[in-house]
Every structure is written in structure tokens, then in C-alpha cells.
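Start at 1 and go down the list; that is how both ligands and their atoms are numbered. For clarity, every value in this text was computed on a predicted model and none was experimentally measured. Only heavy atoms go into these numbers, but all of them, side chains included; no hydrogens, no water, no symmetry mates. We're numbering straight along the sequence, starting at 1.
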Amino acid sequence: MLHITMIGCGAIGVGVLELLEKDPQLCVDYVIASEGSEALVRQRLASFKQPPQVLTALPADARPDLLVECAGHRAIEEHVLPALERGIACLIVSVGALSEVGLVERLEAAAERGHTRIELLPGAIGGIDALSAAKVGGLDSVNYTGRKPARAWKNTPGEQACDLDSITEATVIFQGSAREAARLYPKNANVAATLSLAGIGLDRTQVTLIADPHSDENVHHFEARGAFGGFELSLRGKPLLANPKTSALTVYSVVRALGNHAHAISI
Ligand SMILES: NC(=O)C1=CN([C@@H]2O[C@H](COP(=O)(O)OP(=O)(O)OC[C@H]3O[C@@H](n4cnc5c(N)ncnc54)[C@H](O)[C@@H]3O)[C@@H](O)[C@H]2O)C=CC1
Ligand SMILES: O=C([O-])CC(=O)C(=O)O
């Protein structure tokens with residue numbers, strides 16, 4: 001059995017825990033919540049048969065097989081870097097955080113010192129295997145468009161780009177590099193950052209973000225060209241009820257990755 005610690009227990013975390021209840025090879029022993037939210041998280045987990053222990057930091061003597069981050073950018077600094085130093089392998093879902101200058105290098109250095117590894121999860125997007133394989137032969141361009149329901153852009157700079165409550169047609173709210181997208185839209189730019197890290201980097205990956213009042217889906221579309229040829233992928237993700245910014249596929253991506261660590265065959 002694989003012993004897991006989960007950082008964050010919001011829309012993704014709860015969805016993952018629900019699915020993991022069915023897998024006897026995976027056990028989440030600890031959930032690390034942010035300071036002051038422990039009671040709320042325990043309440044969220046009240047209906048679970050064997051709820052994990054809710055803490056605000058990993059105990060000094062805990063040695064989980066894996067730590068999975070489902071929390072947000074701050075949690076990378078707070079929990080992932082120290083865990084790597086302690087030799088704990090980490091899976092990261094808030095990949096957009098890695099657009100902060102120097103963070104990739106710090107994660108690499110911490111993992112090397114701890115003799116362990118970091119895995120960046122594909123989350124809401126697919127085709128990362130093909131894109132990073134294509135990179136080996138050389139990529140010329142990667143263009144990404146993220147289209148979400150207007151409400152998914154609430155509390156983002158999208159509110160300054162248009163009136164999200166009254167637009168009647170799909171409206172471009174951002175065009176630029178993936179680096180700029182990740183800076184301005186940290187909670188919505190994980191896909192752009194993931195594509196960049198697998199492909200041609202944050203400065204050369206071109207991003208368009210669209211608020212669509214007629215859509216109920218988070219649509220991720222990208223086109224890649226290079227020595228391998230070309231491919232494009234369109235993924236129409238259903239948002240999670242608990243958080244419309246997040247696609248349900250992200251939950252399944254975490255469950256798949258954890259299963260791949262525990263099961264005899266990984267795919
Ligand atoms: N790679 C991808 O494709 C995707 C990545 N994400 C990222 O996943 C993260 C979580 O998403 P959701 O579950 O939808 O968000 P959410 O807001 O529903 O839940 C996040 C939970 O983490 C907790 N949290 C925040 N900072 C923390 C910290 N430092 N330590 C412990 N707990 C902390 C919050 O209190 C909250 O309960 C977000 O950062 C989001 O950007 C989301 C969707 C797709
Ligand atoms: O669709 C999602 O779940 C999240 C998303 O767009 C992103 O963070 O890039």
C-alpha cells in the first residue's frame with residue numbers, strides 16, 4: 001500500500017479523496033490544511049469512512065511515500081520545497097506556480113539534495129506526453145487558447161478586460177506569452193504553464209484567454225508544430241461544481257498519477 005500526504009483539501013482534494021476510497025492500494029494518511037481552516041476541512045471529510053488526519057504541517061517523523069499538492073502556489077514554497085529536502089517525492093498540480101522566476105531551479109536543487117523526484121501532473125490538459133516527445137526533435141511553435149464560462153474569470157484581471165456579467169459573445173480577455181498569462185491569471189494558467197514546460201518555454205508559448213458567456217465547459221485547445229510534424233488537441237472539460245475555475249479532469253489526473261505509482265502496470 002502507498003502512503004500519501006495531500007496538501008490542500010478544496011475542490012480537487014475532496015474529489016481525489018472520494019475516488020481513492022475505492023482503491024485499497026492507496027491510503028491518504030494526512031491532509032495538510034492552511035492555518036485556520038482545519039475545522040472546515042474536517043467537516044468536509046466527515047462523511048468519509050476513514051478520514052485522513054487533518055494537520056497544518058507534516059509531522060517531523062512522518063515519511064509518506066508521496067506528497068501530492070492540490071492547494072495552490074503558496075503551498076509549493078510552504079510544503080513542497082521542505083518535503084523534497086526531506087527526501088519525499090512530490091506530485092504538483094499547481095504547475096502555474098513554476099512560472100515564478102527561479103522556482104523550477106529551486107525545486108530541482110531541493111529534490112537533488114533530498115535524492116528524490118518531483119512530478120508535474122498534466123491536470124486539466126492532455127497530450128503532454130506527445131508534446132514533450134516532440135520537443136526532443138525540436139518544436140517551432142505552440143499556441144494555446146483557453147476558453148471558459150464568463151463566471152470562471154471572476155476575481156481575475158478578466159474583470160477589467162470586459163464586463164463579465166453582461167458580455168453577450170465570446171470575448172478575448174488576454175493575449176500574450178504564457179509567462180505573462182501565469183503572472184496575471186495564476187489560478188487559470190496552470191495549463192499554459194504545463195504546455196510551456198513540456199514544450200518551448202514560457203516566453204515562446206503564445207496564449208489567448210477567452211470569456212464565453214455561452215459555454216458551460218473549460219475548453220483547452222493547443223496546436224504544436226515542429227520537426228515531428230504537427231498536432232492539435234481540443235479538450236472540452238466539465239468544470240467542478242465546487243470550483244468552476246477547475247476542470248473535473250484535474251481530479252482524474254491526480255488519481256491516475258497516484259494509481260500509476262501504486263499499481264503493477266502504469267499507463
Ligand atoms: N494543473 C492543472 O491543470 C490545474 C491546477 N489547478 C490548481 O490546483 C490548485 C487547487 O485547485 P482547487 O482544488 O480547485 O482549489 P480550491 O480553492 O477549491 O482548494 C484549494 C484548497 O487548498 C487550501 N490551501 C491553499 N493554500 C494552502 C497551503 N499553503 N497549505 C495548505 N492548504 C492550502 C485552501 O484552503 C483550499 O481548501 C489551484 O492552485 C489551481 O491553480 C487547478 C485546476 C487545474
Ligand atoms: O481548466 C482548469 O481546470 C484549469 C485551468 O484552466 C488552468 O489552470 O489553466
Side-chain angles (χ1 to χ4, degrees), residues 5-18 30-45 54-58 67-83 91-100 119-128 144-149 152-153 155-156 158 173-174 178 181-182 184-198 205 207-212 215-222 235-254 256-257:
T5 289
M6 178 183 280
I7 312 293
C9 195
I12 296 176
V14 171
V16 168
L17 287 170
E18 281 169 1
Y30 301 109
V31 161
I32 309 298
S34 45
E35 209 76 51
S37 72
E38 306 97 294
L40 177 69
V41 170
R42 284 193 193 103
Q43 209 178 316
R44 278 182 198 151
L45 301 179
V54 179
L55 303 169
T56 53
L58 189 63
L67 179 142
V68 59
E69 175 278 319
C70 306
H73 297 190
R74 206 164 40 85
I76 308 263
E77 192 80 39
E78 215 174 305
H79 301 293
V80 175
L81 279 163
L91 278 58
I92 292 177
V93 85
S94 299
V95 180
L98 275 62
S99 52
E100 182 189 313
E119 194 174 322
L120 308 182
L121 302 186
I125 190 69
I128 296 302
Y144 161 69
T145 302
R147 176 189 291 252
K148 292 192 179 185
W153 301 109
N155 302 315
T156 75
I173 54 167
F174 173 85
L184 292 171
Y185 295 86
K187 290 193 176 172
N188 284 282
N190 293 292
V191 171
T194 305
L195 292 173
S196 304
L197 291 165
T205 304
V207 174
T208 303
L209 299 178
I210 297 175
D212 187 346
S215 174
D216 289 328
E217 295 168 322
N218 294 338
V219 184
H220 301 290
H221 178 94
F222 74 91
L235 204 147
R236 312 183 67 84
K238 283 193 183 163
L240 289 174
L241 274 181
N243 185 355
K245 290 186 170 69
T246 295
S247 301
L249 188 65
T250 314
V251 169
Y252 309 144
S253 170
V254 175
R256 166 192 176 258

Could you tell me whether Ala192 and ligand 2 have an N or O pair separated by under 3.5 Å? no
Specify side chain, backbone, both or neither for [X], according to which of its non-hydrogen atoms lie closer than 4.0 Å to ligand 1.
X	result
Lys245	neither
Ala242	neither
Ser253	neither
Glu38	neither
Val93	both

Among all the protein's non-hydrogen atoms, which is closest to [atom], and how far away is it?
atom	value
atom 29 (N) of ligand 1	Glu78 OE1, 3.2 Å
atom 8 (O) of ligand 2	Asn190 ND2, 2.9 Å
atom 41 (O) of ligand 1	Asn190 ND2, 2.7 Å
atom 33 (C) of ligand 1	Ala71 CB, 3.6 Å
atom 13 (O) of ligand 1	Ile12 N, 2.9 Å
atom 3 (O) of ligand 1	Ala124 N, 2.8 Å
atom 17 (O) of ligand 1	Asn243 ND2, 4.2 Å
atom 28 (C) of ligand 1	Ala75 CB, 3.8 Å
atom 34 (C) of ligand 1	Ser34 OG, 4.2 Å
atom 7 (C) of ligand 2	Asn188 O, 3.1 Å

Among [options], whose heavy atom sits nearest [atom]?
atom	options	answer
atom 38 (C) of ligand 1	Gly237, Gly8, Ser94	Ser94
atom 3 (O) of ligand 2	Ala181, Ser253, Ala11, Ser247	Ser247
atom 42 (C) of ligand 1	Thr246, Val16, Val254	Thr246
atom 5 (C) of ligand 2	Lys148, Lys238, Glu217	Lys148

May I ask you to list the atoms of ligand 2 that are less than 4.0 angstrom from any heavy atom of [X]?
X	value
Thr246	3 (O)
Asn218	1 (O)
Thr250	3 (O)
Ala124	1 (O), 2 (C), 3 (O)
Lys245	1 (O), 2 (C), 3 (O), 4 (C)

Any donor-acceptor N or O pair under 3.5 Å, side chains Glu38, Thr56: no
Under 3.5 Å, is there a donor-acceptor pair between the side chain of [X] and the main chain of [Y]?
X	Y	result
Ser215	Glu217	yes
Thr156	Gly158	yes
Glu69	Ile76	no
Trp153	Ile210	yes

Roughly how far apart are [X] [atom1] and [Y] [atom2], rounded to 0.5 Å?
X	Y	atom1	atom2	answer
Ile173	Arg147	CD1	CZ	11.5 Å
Leu121	Ser94	CG	OG	10.0 Å
Ile12	Thr246	CD1	OG1	4.5 Å
Asn218	Ile125	CG	CD1	11.0 Å

Do [X] and [Y] come close enough that some side-chain heavy atom pair is under 4.5 Å?
X	Y	answer
Leu91	Leu120	no
His220	Lys148	yes
Cys9	Ile32	no
Leu67	Ile7	yes
Val31	Leu17	yes
His73	Asn190	yes
Leu58	His79	no
Tyr144	Leu209	yes

For ligand 1, which atoms sit closer than 4.0 Å to a heavy atom of [X]?
X	value
Cys70	10 (C)
His79	30 (N)
Gly72	39 (O)
Ile32	31 (C), 32 (N)

Report yes or no: does [X] have a heavy atom closer than 4.0 Å to ligand 1?
X	answer
Glu69	no
Gly96	no
Arg44	yes

Might you point out which heavy atoms bring Ala257 and Glu119 nearest each other, and give the distance in Å? CB-OE2, 4.1 Å
Measuring from non-hydrogen atoms of Ala189 to any atom of ligand 2, is the shortest distance under 4.0 Å? yes
Decide side chain to side chain contact (heavy atoms under 4.5 Å, CB included) for Ile92 and Val68; before the verdict, give the C-alpha distance in whole Å, the side-chain angles of both, and the deciding distance to 0.1 Å. CA-CA 6 Å; Ile92 292 177; Val68 59; over 6 Å; no
Please say whether Ala11 places an N or O atom under 3.5 Å from an N or O atom belonging to ligand 1. yes
